[in-house]
Amino acid sequence: MHSLEDYYEIVGDRVISEIHKRARRLFGKHILHVNSTYQGGGVAEMLASLVPLMNDVGIDTGWRIFHGNPDFFTITKKFHNALQGDKINLSEIKKRLYFLANEDFSVYTHLDHDYIIIHDPQPLPLIKYYKKGQPWIWRCHVDLSHPNKELWEFLTRFILKYDMIIISNEKYKREGLPVEQRIIYPVIDPLSPKNMEISDTTISKYLKKFGVPTDKPIITQISRFDKWKDPVGVTEAFKIVKKHVDCRLVLCGSMATDDPEGYQIYEKVKRKVEKFIANNDVILITTENNILVNALQRSSAVIIQKSIREGFGLTVTEALWKARPVVASNVGGIPLQIKDGENGFLLDPYNTKGFAQMIVQILQNPRLAEKMGKEGKEIVRKEFLITRLLSDYLDLFNDMEK
Ligand code: UDP
């Protein structure tokens, strides 16, 4: 567990001192975050880094995990997808189970904090079961640009009870919603196992363990096997690249055993590159391991993120932090992180040839790669590290105190 001073060498004295100043008016406040671990790793990862830092600067901050049974999480997964635009059959039984889990949680969780922060849709209706004695904030991490209308209307009745909502992108703002909406970009923790400095020995050890040789340049996409991440498109770009430069492609995507779609996509990718797999020129990895991700990112000559849709794209942030040049789609939060031609290249997701050309350009031009990598790292240092998130939360509480 880290304290703020551990970040001093990374972000410098000014950032640290500003954070302490911002915390001053909040001493003695009690803050609570509520989320559900089952909803993917990103949110939990951020809270695991943020909560100790908030305590470290003098604000008592807790973190409670929402409990639910498998039926509840099946329903809220559907809610999650529908918030991002999928269709949903919003039946009475779904609504009832959604409420029931929230009511249950409220019975054995007493909240007397000064601020309550609710993450994502699962615990959103909790607010209905408490006598409100403090500001409540809903932190929505999902892409809200095209929410399913019926579901959005259903959820709005709870959202209206909140004092503020936090979203990840200007594009996710809901016109006409009479609740203050604030944009806070996601961040990475430079000291977490996925992002911390690791030695060359550790990198070699992990690459060896997962069967990745280093005799050729490696190009990598780290992403779930998901249609929106376009792994098949990545293999097509790779086939073009391979005609110009001898290199190796690694696709690393951890697989949830209960995700049949992920498995199908994995199989499809495998069929498309059978010959390359046999030669060990394409390597597919499905193990989830933070240090492996760290090692792969650090040892790749180019990182690809050929997503068709992307909420923010933390894999891009992680790669930039490791001073890697990134060739990525011009979608979602990626253009917030990559300036085309400066710290990477941005392309239309369907421009497979363009992806290949840019990858070749970087592979053939190590100086360009190095320059881009350096610039990328500085952008992340300034804008996308956990210290910035801490600072944004302190600003938010200070504003709400006024
Ligand atoms: N990730 C991982 N192992 C994998 C694939 C992804 O640890 O095999 C991590 C990745 O490093 C990143 C997160 O999962 O931290 C994915 O976040 P991102 O915003 O890129 O995409 P999402 O999966 O949330 O759509």
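Everything quoted here is computed from the prediction, not taken from an experiment. Order of listing sets the numbers, starting from 1, for every ligand and every atom in it. Just the heavy atoms: all of them, side chains too, but no hydrogens, waters or symmetry mates, feed the values below.
A salt bridge between Glu153 and Lys149 is present, with a side-chain N of the basic residue lying under 4.0 Å from a carboxylate O of the acidic one. Lys371 and Glu342 are not joined by a salt bridge, as no carboxylate oxygen comes within less than 4.0 angstrom of a charged side-chain nitrogen. A salt bridge does not link Glu370 with Arg367: none of the charged nitrogens is closer than 4.0 Å to a carboxylate oxygen.
Between Tyr172 and Phe312, the ring centre distance reaches or exceeds 6.0 Å.
Figure legend: cation-pi geometry between Lys306 and Phe355, with NZ or CZ positioned under 6.0 Å from the six-membered ring centre and within 45° of its axis. Seen from the ring of Tyr206, Lys209 counts as a face-on cation partner, given the 6.0 Å and 45° thresholds.
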Between ligand 1 and the protein, tabulate every N or O atom pair separated by less than 3.5 Å, reporting distance only.
residue  : atom   : partner : partner atom : Å
ligand 1 : 7 (O)  : Lys194  : NZ           : 3.3
ligand 1 : 8 (O)  : Ser254  : N            : 2.7
ligand 1 : 11 (O) : Lys194  : NZ           : 3.1
ligand 1 : 11 (O) : Glu318  : OE1          : 2.7
ligand 1 : 11 (O) : Glu318  : OE2          : 3.3
ligand 1 : 15 (O) : Lys194  : NZ           : 2.9
ligand 1 : 15 (O) : Glu318  : OE2          : 2.5
ligand 1 : 19 (O) : Leu314  : N            : 2.9
ligand 1 : 20 (O) : Leu314  : N            : 3.3
ligand 1 : 20 (O) : Thr315  : N            : 3.2
ligand 1 : 20 (O) : Thr315  : OG1          : 3.3
ligand 1 : 21 (O) : Lys229  : NZ           : 3.1
ligand 1 : 23 (O) : Arg224  : NE           : 2.9
ligand 1 : 23 (O) : Arg224  : NH2          : 3.3
ligand 1 : 25 (O) : Arg224  : NH2          : 3.0
ligand 1 : 25 (O) : Lys229  : NZ           : 2.8

